[in-house]
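Remarks on the structure that follows.
This structure is a prediction, so every number in the text was calculated from the model and none was measured.
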Amino acid sequence: MSSVVYTANGSQTTYIHNGIPDSSVILPIAMGLINPHNSRALSTVNKIMHVLMVNGGLARFPGDDYHYDSSLYDSTAPDPPWVITTLFLTMYYEDVGNYTGAVELMTWCIEHSQHGLLPEAIDPRLGYPLQTTSPPLTWSAAMYVITALNYRPPPQRPMVMIIALTIIVVLVLAVLIYIVYGARRPK
């Protein structure tokens with residue numbers, strides 16, 4: 001919401017937070033402008049997810065009827081999840097180390113594509129790409145590429161698993177040998 005502040009030197013228009021959750025606020029966090037581990041960032045992302053998560057993707061803001069009004073009536077309901085806002089959350093997940101969540105959201109985007117081409121928005125009830133936003137949509141595809149290039153899970157340590165399994169097997173064998181041969185001792 002805009003507000004005009006009048007001073008002795010003239011006036012200045014300022015903007016005041018209107019209190020409406022908007023999924024675009026995740027992008028500055030995901031781009032590193034705000035520490036993603038900051039308590040304010042965490043509470044913001046959690047609030048956005050709680051309010052705007054629709055069938056696995058993120059809507060832009062509550063009551064978004066862009067594709068559900070008289071001029072673009074191709075959605076079965078308001079609040080369609082958008083690929084790009086869902087990818088904002090994916091980048092945030094990558095930053096905080098939630099690689100499972102990041103892969104799930106990238107998979108959601110692909111599952112809601114048409115022939116591998118990403119749309120802008122998905123029908124909130126039926127899950128198909130909205131016709132007026134159908135592919136190819138460059139900004140959805142570009143954001144997917146950025147997100148995919150940003151994906152860097154920690155390296156797997158298979159050697160640690162092999163050592164741990166070897167120790168477990170040796171201990172189990174030692175216990176079995178003790179049970180079998182320990183019971184046969186002469187009295």
Side-chain angles (χ1 to χ4, degrees), residues 1-5 11-69 71-72 74-113 118-125 127 129-130 132-154:
M1 298 170 39
S2 65
S3 175
V4 178
V5 177
S11 65
Q12 177 181 0
T13 302
T14 60
Y15 294 92
I16 302 167
H17 178 61
N18 61 11
I20 298 172
D22 187 315
S23 57
S24 67
V25 301
I26 295 175
L27 186 59
I29 301 168
M31 297 296 274
L33 299 173
I34 299 168
N35 180 348
H37 299 284
N38 173 307
S39 63
R40 193 168 189 178
L42 290 168
S43 68
T44 297
V45 171
N46 287 333
K47 169 125 185 178
I48 296 299
M49 288 174 52
H50 177 73
V51 173
L52 299 176
M53 188 63 73
V54 178
N55 292 330
L58 275 185
R60 295 187 308 169
F61 52 84
D64 180 8
D65 65 354
Y66 177 53
H67 294 279
Y68 188 66
D69 65 8
S71 63
L72 284 172
D74 64 340
S75 180
T76 61
D79 301 328
W82 286 51
V83 170
I84 197 162
T85 56
T86 302
L87 290 168
F88 295 165
L89 180 59
T90 305
M91 288 180 70
Y92 170 80
Y93 278 168
E94 291 170 345
D95 288 346
V96 297
N98 182 353
Y99 299 106
T100 301
V103 168
E104 287 173 2
L105 292 177
M106 290 190 326
T107 301
W108 180 89
C109 291
I110 295 301
E111 288 174 349
H112 292 87
S113 67
L118 296 173
E120 184 175 47
I122 308 299
D123 186 89
R125 289 189 185 149
L130 297 178
T132 57
T133 72
S134 287
L137 196 69
T138 307
W139 74 333
S140 292
M143 193 67 192
Y144 190 90
V145 169
I146 290 168
T147 305
L149 291 173
N150 192 51
Y151 183 78
R152 292 193 181 7

What is the minimum heavy-atom distance between Ser23 and Ala59, and which atoms define it?
OG-O, 3.0 Å

Contacts of Thr138 meeting side-chain contact (heavy atoms from CB on, under 4.5 Å) (sequence neighbours excluded), chain-then-number -> none

Look at the side chain of Thr85 and the backbone N and O of Leu58, then say whether any donor-acceptor pair between them is shorter than 3.5 Å.
yes

If a pair satisfies salt bridge (charged side-chain N to carboxylate O under 4.0 Å, His left out) and one of its residues is in residues 55-64, list it, with sequence neighbours excluded.
Arg60-Asp64

Quick one: side-chain hydrogen bond (donor to acceptor under 3.5 Å, both in side chains) partners of Asn150, sequence neighbours excluded?
Glu94

Within the side chain of Ser75, is there an N or O that forms a donor-acceptor pair under 3.5 Å with the backbone of Tyr68?
no

For the student: nearest non-hydrogen atoms of Ser140 and Leu118, plus distance:
O-CD1, 3.7 Å

Nearest heavy-atom pair of Ile122 and Pro129: which atoms, and what distance?
CD1-CA, 4.2 Å

Report yes if the side chains of Val54 and Pro80 come closer than 4.5 Å at any heavy-atom pair, otherwise no.
no

Pairs involving residues 43-52, ordered by first then second residue, that meet salt bridge (charged side-chain N to carboxylate O under 4.0 Å, His left out) (sequence neighbours left out):
none

Out of curiosity, Leu137 CG to Ser113 OG, how far, rounded to the nearest 0.5 Å?
12.5 Å

side-chain contact (heavy atoms from CB on, under 4.5 Å) partners of Ile20, counting only residues at least two apart
Asn18, Phe61, Pro62

Considering all heavy atoms, the nearest Pro36-Val96 contact
CB-CG1, 3.7 Å

Do Leu89 and Leu105 have side-chain heavy atoms sitting under 4.5 Å apart?
yes

Is any side-chain heavy atom of Met91 closer than 4.5 Å to a side-chain heavy atom of Ile146?
yes

Could you pull out all residues at least two apart from Ala41 that satisfy side-chain contact (heavy atoms from CB on, under 4.5 Å)?
Ile29, Ile34, Asn38

Tell me whether Asp123 contacts the main-chain N or O of Thr76 through its side chain, where contact means a donor paired with an acceptor under 3.5 Å.
yes

Just jot down the side-chain hydrogen bond (donor to acceptor under 3.5 Å, both in side chains) partners of Asp79, sequence neighbours excluded, or say none.
none

Residues which pass salt bridge (Lys or Arg N to Asp or Glu O under 4.0 Å) with Asp22, listed by chain and number, not counting sequence neighbours:
none

Answer whether the closest heavy-atom distance between the side chains of Leu130 and Glu120 falls below 4.5 Å.
no

Which atoms form the tightest heavy-atom contact between Arg40 and Thr44, and what is the distance?
O-OG1, 2.8 Å

Thr107: what forms a side-chain contact (heavy atoms from CB on, under 4.5 Å) with it, not counting sequence neighbours?
Val103, Glu111

Smallest heavy-atom separation, His37 atom then Leu42 atom, equals O-CD1, 3.6 Å

Using side-chain heavy atoms (C-beta onward) and a distance below 4.5 Å, is Leu87 in contact with Tyr144?
yes

With sequence neighbours excluded, give me every ring pair (Phe, Tyr, Trp, His ring centres under 6.0 Å) pair touching residues 82-103.
Tyr99-Tyr151

Is there a donor-acceptor pair closer than 3.5 Å between any side-chain N or O of His112 and the backbone N or O of Trp108?
yes

Using the side-chain contact (heavy atoms from CB on, under 4.5 Å) definition, which of the options Val45, Thr86, Leu52 pairs with Ile26?
Val45

side-chain contact (heavy atoms from CB on, under 4.5 Å) evaluation trace for Met106 with Thr147:
CA-CA 8 Å; Met106 290 190 326; Thr147 305; 3.8 Å; yes

